[in-house]
Participant: 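Dumping the structure here so I can ask a few things about it.
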There are 2 protein chains.
Amino acid sequence: MNTVNLKQLAKELNVSVSTVSRALRDSWEISTPTKQRVFELAKKMNFQPNPYASSLRKHRSRTIAVVIPEVANNFFALAIKGIETIAREKGYHVLIYLTNEDAGEEMSVATSLQSGRVDGVILSLSGHTTDIRHLVELQQRNIPLVFFDRVCDSIGAPRVVTNDYESGFVATEHLIRAGCRRIAHLAISMELSISHKRMKGYTDGLRRYDQPFDDGMVVHCEDSDEENYKKIRALLSSPDRPDGIFASVEKLAVQVYHVCRELGLDIPRDVKVIGFSNLVTASLLNPALTTISQPAYDMGKEAATILFRRLEKKYILPPEDSVILPAKLEVRSSTI
Amino acid sequence: MNTVNLKQLAKELNVSVSTVSRALRDSWEISTPTKQRVFELAKKMNFQPNPYASSLRKHRSRTIAVVIPEVANNFFALAIKGIETIAREKGYHVLIYLTNEDAGEEMSVATSLQSGRVDGVILSLSGHTTDIRHLVELQQRNIPLVFFDRVCDSIGAPRVVTNDYESGFVATEHLIRAGCRRIAHLAISMELSISHKRMKGYTDGLRRYDQPFDDGMVVHCEDSDEENYKKIRALLSSPDRPDGIFASVEKLAVQVYHVCRELGLDIPRDVKVIGFSNLVTASLLNPALTTISQPAYDMGKEAATILFRRLEKKYILPPEDSVILPAKLEVRSSTI
DNA sequence: GGGCCCGACTACAACGTTTTCGTAAAAAGA
DNA sequence: TCTTTTTACGAAAACGTTGTAGTCGGGCCC
């Protein structure tokens with residue numbers, strides 16, 4: 001445990017604790033020679049101020065929390081990197097919490113964050129969050145909250161998202177133009193607003209091109225990879241199987257590849273595949289996967305930037321400042 | 001900011017602050033009815049103890065730091081997940097710091113951690129760390145340090161690694177048995193002990209099978225993806241190009257795929273490829289990539305477990321307790 | 001020379017917990 | 001009945017910083 005503190009420096013230098021404290025914060029109340037002496041000794045003794053004492057006194061922890069459903073996923077990993085980059089620049093520390101897509105865990109994390117442990121929170125909802133009281137409470141306690149990607153519409157907080165509706169539309173359109181006439185959509189938790197938007201993009205895309213909507217073509221996937229595998233397998237085994245698949249998240253696209261391999265279906269001949277994904281290996285897959293890729297790193301940076309704007313400005317900011325970054329369609333062999 | 005505190009609870013209940021504090025910690029010194037009353041009010045007022053006050057008083061933050069070179073990488077992402085899982089179980093919080101493979105950033109992080117902000121540190125070295133004074137200093141301040149994967153041999157600290165030497169040997173052996181006669185090794189920073197071990201496995205593998213060692217076949221890669229690309233391209237463009245490649249990290253294996261595609265080289269016919277990797281899509285690549293995969297999640301869990309053992313036991317533990325988890329060779333088409 | 005300001009400090013009270021040391025009353029022991 | 005122990009609590013001092021409110025000597029002005 002750290003043991004060199006202000007008192008020791010003060011004693012050594014024959015000045016008061018307050019003088020040392022102020023000298024270190026480069027206050028104008030302290031003469032230059034004194035500051036010099038303090039700086040030197042602090043450096044020599046490798047003094048590191050106790051952050052907990054400081055936080056307690058200042059009601060400010062210079063720490064933020066990042067709450068995400070999972071991390072073993074390029075999207076969230078890159079977002080973390082973006083957040084950490086900005087946080088480091090600003091001299092903030094980053095606590096990380098994984099909810100594992102569990103609303104209960106998310107709630108308990110959020111509740112524990114009410115303690116004032118962090119100055120602000122960046123969050124991406126779990127797939128099963130319906131009750132958002134824990135998030136409202138955070139706001140009520142004046143702890144700024146910024147959403148990214150999996151945002152919550154029913155709460156007034158800044159958010160950073162991609163153009164999910166348009167992306168869903170574009171993905172569907174792309175498949176239709178590639179000749180698909182039975183397009184399936186692999187959706188995730190319909191609790192999430194991004195799911196709705198992607199789905200709406202899908203249905204509107206179908207409508208726009210006068211394609212019939214068949215709700216047998218919408219597969220609602222869950223957390224369990226095994227279950228999803230079965231559902232996708234069932235979908236692709238059926239006599240009227242789709243000739244195009246739009247996967248709303250990366251892991252589902254990957255599963256489609258596995259299923260096709262097992263069933264001996266050829267991508268893209270038998271079925272074309274497009275998916276939301278940030279896989280670095282998308283272009284190396286067999287066949288290369290057409291993706292809608294989100295600017296994860298920039299989203300993280302943006303979310304952090306917005307949060308710090310709130311933390312640092314004294315004047316009131318509008319309750320919302322949303323940022324919508326465009327996702328990018330990268331056409332590859334899986335849809336050609 | 002949180003504003004309900006012990007004093008308020010105490011006033012409301014007409015007891016002293018100490019009583020409330022003790023009641024909440026379920027002390028035997030407090031009568032059951034009093035505890036009941038305290039618990040109820042605390043719940044009703046949604047009391048969350050101020051962690052900073054507590055940490056200051058107890059010299060214990062219930063927080064650990066995870067310091068890693070990067071996060072947008074399945075290995076480290078999974079390790080984080082393992083660490084976070086154990087930390088959550090133990091009621092600890094996890095701070096994350098990315099060094100971006102920069103020794104300077106690693107040093108500044110480690111130095112700032114001397115403040116007592118965390119109770120312990122789990123670290124994987126940056127690729128350029130040579131000076132380890134900042135880590136020694138941490139230990140001297142009694143902040144337990146546990147290494148994982150990229151460990152530091154010259155410092156007495158517990159470590160969690162895979163059998164890198166054996167893996168290097170096995171990878172090389174596998175290529176030789178597959179018929180390769182000119183095997184290249186794509187190495188990373190030779191500052192790292194894992195690099196040495198993997199390399200030693202490689203050279204010993206060659207020797208064991210009476211293959212000549214050609215140091216033109218060892219490519220020392222850096223951080224810059226462009227530079228690496230050029231080096232790999234040069235390697236594969238040369239007239240006496242290798243017929244087998246052993247990549248010591250995932251991103252290099254991926255680069256090999258890109259280069260081969262560009263040069264029109266067929267994997268595995270022209271060149272066979274094996275690499276350390278935790279890619280979930282390894283089996284879906286074109287061709288499927290033979291990997292040495294490390295049990296990243298378990299390594300994270302193990303590292304955290306060791307750290308908490310140190311944090312929680314009162315009695316002295318041996319300075320070292322290393323864990324070596326086996327990596328796994330997964331043979332796929334890229335070496336067949 | 002008395003009042004005033006000013007530069008450069010110091011003293012002390014916070015911040016919200018935990019913990020040490022008491023102590024009154026009740027229970028137990030003699 | 002009187003001491004001793006136990007039970008259940010309270011007062012106050014930490015923990016290391018920071019902010020507020022002085023203090024004190026000296027220079028300046030009139």
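Chain A is the first sequence line, chain B the second, and so forth, proteins listed ahead of strands; every chain is numbered from 1. The basis for the numbers below is simple: all heavy atoms, side chains too, and nothing from hydrogens, waters or symmetry mates.
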Participant: Would you say B:K35 has more than 12 foreign heavy atoms packed within less than 6.0 Å of its NZ?
Facilitator: yes
Participant: Kindly indicate, with the supporting measurements, whether the criterion side-chain hydrogen bond (donor to acceptor under 3.5 Å, both in side chains) is fulfilled by B:H128 and B:E101.
Facilitator: CA-CA 7 Å; B:H128 302 295; B:E101 298 284 12; 5.7 Å; no
Participant: Using only side-chain N and O atoms of A:S31, determine if any of them is under 4.0 Å from OP1 or OP2 of C:dC9.
Facilitator: yes
Participant: Any N or O donor-acceptor pair linking the side chain of B:R22 to the base of D:dG10 at under 3.5 Å?
Facilitator: yes
Participant: With a 6.0 Å cut-off on the ring centroids, do B:Y97 and A:H93 count as close?
Facilitator: yes
Participant: Using a cut-off of strictly less than 4.0 Å, decide whether A:S21 has a side-chain nitrogen or oxygen near OP1 or OP2 of D:dG19.
Facilitator: no
Participant: Distances under 3.5 Å between protein N/O atoms and the N/O atoms of nucleotides 22-26 of chain C, please, pair by pair.
Facilitator:
none

Participant: In whole angstrom, what separates B:L56's CG from D:dG16's C1'?
Facilitator: 6 Å
Participant: So if I take every side-chain heavy atom of A:P49 and compare against D:dT17, C:dT10, D:dC9, which nucleotide ends up nearest?
Facilitator: D:dT17
Participant: CD1 of A:I30 versus P of D:dT18: gap in Å, rounded?
Facilitator: 13 Å
Participant: Quick check: do B:K81 and A:N100 have side-chain heavy atoms less than 4.5 Å from each other?
Facilitator: yes
Participant: Between A:K58 (NZ) and D:dT18 (P), how many Å, whole number?
Facilitator: 6 Å
Participant: Return the nearest nucleotide to the side chain of B:S54; candidates are C:dT18, C:dC9, D:dG19.
Facilitator: C:dT18
Participant: Whole-Å distance between D:dG16 C1' and A:L24 CG?
Facilitator: 13 Å
Participant: Does the side chain of B:T34 get closer than 4.0 angstrom to OP1 or OP2 of D:dC9 through an N or O atom?
Facilitator: yes
Participant: Round to a whole Å and report the spacing from CD of B:Q8 to P of C:dT17.
Facilitator: 9 Å
Participant: Within this structure, what is the CD-to-P distance between A:Q48 and D:dC15, rounded to whole angstrom?
Facilitator: 20 Å
Participant: What's the CG-C1' distance between A:N14 and C:dA8, to the nearest Å?
Facilitator: 16 Å
Participant: At less than 4.0 Å, is any side-chain N or O atom of A:N5 found next to OP1 or OP2 of D:dG16? Yes or no.
Facilitator: yes
